[in-house]
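In what follows, a single structure is set out as structure tokens and then discussed.
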Amino acid sequence: MDDSTATAVAADRLDTTSNADQSTVSTLTYPISPDYVSSWTPVRALSELIANALDEDPNARVSWANGVLIIADDGPGIPEEGLVLGHSTKGAGQIGQFGEGKKLAALVLARSPQIGEVRCETVGYGFTPSVQRHRLLDGLVPSLSQQGAELLVYHLYRTGRVKGTVFTVECSRELADEARGRFRALTEPGYRPPASPGQCVLDGEPGRVWIGGVLVNVQPDLLASYDLPLDAKGLQNRDRTVVDAGALRTAVRAMLATSQDEKIIDRFAQHVLGGGRLAELEQFFSEVYEPYTRAAWRWWARTHLPDWTYYTTTGNEEAALDLIDNGYTEVAAKGLSSYLQRSLMDLLGVEVARTRQTRHYERSRNKTTWVPNKALTAAEREMLTSSRDLVRRAIGPFALDRVRVYSASEESPCADGFYTPSTGDTAIHRDVLADRHRTLLVMVHESAHRVGHRGGGRWLPIRDYRDRTRGFERLLSDFGALLLGYLADGAGLPDLVAVPEPAGRQQRLTAADDPAVPAVRRELAHLLVDRLPGAITDGGFRDAKDLVASTGVHPDYWRTLTKPKATGHRQQRGGRAWDYDKNALLATAAGIHPPVVWLGYHLCEGPLHGRPRTKWGQPGRWTKKMRDAMERACTDLEKLGDSYTQHIPALRALSEGQSAAAMDSDSWHAPARALITLERRRLGLDKHLPSNSGATGPVTAAAADDNSSRHG
């Protein structure tokens, strides 16, 4: 402690009282049971006085010199109400609200043989406490314990002090140091009480629990120490000797589950991966939900764990042996329960040991006998091509993509054709190609499945697009009405819209070239894929899958962004990319500005999201969720400045319903498309700039295989 400070405070105390009448003017007596606060120690009592001083004055001075502890503040002093039990002016931002702390501290100090004289001098008066044993009415009042009562007596006198309060307590330096050490504000320069949910402290001995920087508990089995916010006083009992276990567990887990601090993550990860156990209130792994926190854990794993890892659970021992033979490294957390271990490994991106899952093509192998295009006769090829083009002219270029021919199928043995939702392919039986009427019937039927599933043109995706459903029947009827309209008008079918031809052996359009998908989504998909090689190189990733895994975001997000869906598509499993933070993590990993990615994919959903299907595309303000996300994107665009900010007024006008957003026009997507063009120029991708219908070429996404189902 600073002895010069102590001397200065002592001198100040003597100066203000030298002319005061320190003879007793009055006494104030509190009858108290001898057992009251018997658990309090002198250190706790001194801590109470220090806490009161810091509440009144954050710059309060606490020092020890010549056997005297001096606690001085420049607060307003102790008014008359401060001597009344039950009265307190403290609010939610201060420790203690029961009006008893000062009295209890004085009682404990006056009782203790380790403490000498205690004196308090405040504005206008001072007092010295003492404890006397007493029997009420000189023993005439019956007593069961025969202990009688203790009298806490304040001997009051007048002083000339005009501000602040000074307590002087005769005690050993050891007691003074221990009491002072309980306050972070006194031992850590620049300390400020933490905001909610609190602060995890790694320095010093672990297990300490503070509230607003005041030590209230020590639990040596903890891995770190914790400073709770001042509004967490409900964690304590009345005299601050016990911390509520349930509330403390909630507070500590909230701190750890939201922390992105690499040092905190490193301490807990290294501890549990080394076989260490965790106290119950620090078992937080299953409660980490925030995208940026999960990304921080995933990045730690990328930095500290080997490239090929696994963990073992019961029943996976044989798979583990196989993985070892293939060069994998086992990661274990043997001190955790199986549930917590699973949650931890999910955070780290470590998969359970198991044999590789059978891929979809292996499950369905040999169930359909496909006929290669070169094996068809010239007449069959002509029938296939002309019928496909005719349907696309009548319905739209999105009605059919790849049409494959088969000779036998265990998937749909009684059907003339089927549609595969996972790929968008249509299959037609070879025998059907001998009859033009049957060929057109099958293709129109399967195109209704495809349009119902994927949407396009005037049609939005529907859930009931399968056979014998009302939605599918309504769509077929709509097709019939459309064809009758062409017939009645006598104008013939529209010309066939040019669609990019598929490249290589894939023989189907990629999702980023599907004409049913809005142009803005197609352009975003090509931006992400064109940028992908540079992002992999810049970030030191192995491949696209490694890039996505480093963010902790589910691969469905990346798959959805790079294999876009038609407007209004509502997939029941997977295909979700709404969360702004998760979009931002993927965008940052790819080196693209986050608002561009979110707007590029979601702007076209604005008039639909959160509205009943009957009101899709109708005028009016967008839903609050969409408006909030739009405002966040606009705020991020403002930070980018330059050409990015000029699109903000148009975006805000759209979300407020001040600009038309008709579903049969995509002209209002222009702000997002312009932002994508800006990103291409910034990243030097102008030479890959796609046309309005999207660039050709396959789109590679880091994603698991899609589950496929077939419908006749």
Side-chain angles (χ1 to χ4, degrees), residues 1-30 42 45-85 87-90 94 96 99-112 114-132 151-173 175-176 179-180 183 186:
M1 295 185 184
D2 189 347
D3 290 343
S4 62
T5 302
T7 304
V9 174
D12 174 66
R13 179 177 66 85
L14 293 174
D15 287 345
T16 59
T17 61
S18 58
N19 298 322
D21 180 7
Q22 295 193 23
S23 61
T24 300
V25 175
S26 179
T27 58
L28 187 61
T29 304
Y30 302 94
L46 294 174
S47 300
E48 182 69 36
L49 297 181
I50 296 173
N52 286 338
L54 290 171
D55 279 344
E56 298 299 332
D57 178 10
N59 298 315
R61 287 88 61 198
V62 180
S63 58
W64 183 93
N66 302 321
V68 177
L69 175 65
I70 302 174
I71 305 168
D73 68 72
D74 292 331
I78 304 173
E80 180 181 8
E81 290 80 5
L83 302 178
V84 178
L85 283 172
H87 177 85
S88 177
T89 59
K90 293 185 179 180
Q94 295 172 297
E100 297 181 359
K102 196 183 303 89
K103 295 86 169 176
L104 298 181
L107 170 66
V108 172
L109 294 175
R111 277 178 181 167
S112 174
Q114 298 173 270
I115 302 296
E117 182 185 46
V118 179
R119 184 178 297 274
C120 172
E121 295 173 0
T122 186
V123 177
Y125 75 97
F127 64 84
T128 58
S130 64
V131 173
Q132 303 171 8
L151 298 181
L152 172 61
V153 181
Y154 283 177
H155 303 276
L156 292 92
Y157 55 89
R158 294 186 178 89
T159 71
R161 179 173 288 278
V162 295
K163 69 172 184 177
T165 301
V166 176
F167 272 93
T168 58
V169 182
E170 294 181 356
C171 65
S172 65
R173 182 165 192 148
L175 288 178
R180 187 174 182 272
F183 295 85
L186 300 177

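Bear in mind that the values here come from a model prediction, so they are computed numbers and not experimental data. Positions are given from 1, in the same order as the sequence printed here.
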Check: D74 main-chain N/O paired with D57 side-chain donor or acceptor under 3.5 Å
yes

Nearest 0.5 Å, please: how far is CZ in R180 from OG in S63?
8.0 Å

If you define the side chain from C-beta out and look only at heavy atoms, does anything of S130 sit under 4.5 Å from V118?
no

If we only count heavy atoms from C-beta on, is the R161 to V166 side-chain gap below 4.5 Å?
yes

Between OH of Y125 and CG of L156, what distance do you get to the nearest 0.5 Å?
7.0 Å

Under 3.5 Å, side chain of E170 to main-chain N/O of I115, donor-acceptor pair present?
no

I'd like to know if the side chain of R173 and the backbone of W64 have a donor-acceptor N/O pair within less than 3.5 Å.
no

Closest contact, heavy atoms only, G126 versus T159
N-CG2, 3.7 Å

Just verifying a value: how many Å separate Q114 CD and L109 CG, rounded to the nearest 0.5 Å?
10.5 Å

Quick one: are V131 and L151 in side-chain contact, heavy atoms under 4.5 Å?
no

Do the side chain of T122 and the main chain of T165 share a donor and acceptor less than 3.5 angstrom apart?
no

When rounded to the nearest 0.5 Å, the distance separating NZ of K103 from CG of L152 is 10.0 Å

Among D73, L54, I50, I70, find the residue that satisfies the side-chain contact (heavy atoms from CB on, under 4.5 Å) test when tested with V62.
I50

Atom CD1 of I71 and atom OG1 of T168: how far apart are they, to the nearest 0.5 Å?
9.0 Å

Would you say the side chain of V123 lies within less than 4.5 Å of the side chain of P76, judging by non-hydrogen atoms?
no

Hits for ring pair (Phe, Tyr, Trp, His ring centres under 6.0 Å) against Y154, two or more places apart or cross-chain, chain-then-number order -> Y30, F127

Shortest non-hydrogen contact between C171 and L69, atoms and distance:
SG-CB, 3.8 Å

How far apart are the closest heavy atoms of K102 and E48, and which atoms are they?
N-CG, 4.4 Å

Distance in Å, E121 CD paired with I78 CD1, rounded so as to fall on 0.5 Å steps
11.0 Å

Tell me, please, which residues at least two apart from V108 pass side-chain contact (heavy atoms from CB on, under 4.5 Å).
V37, W40, A45

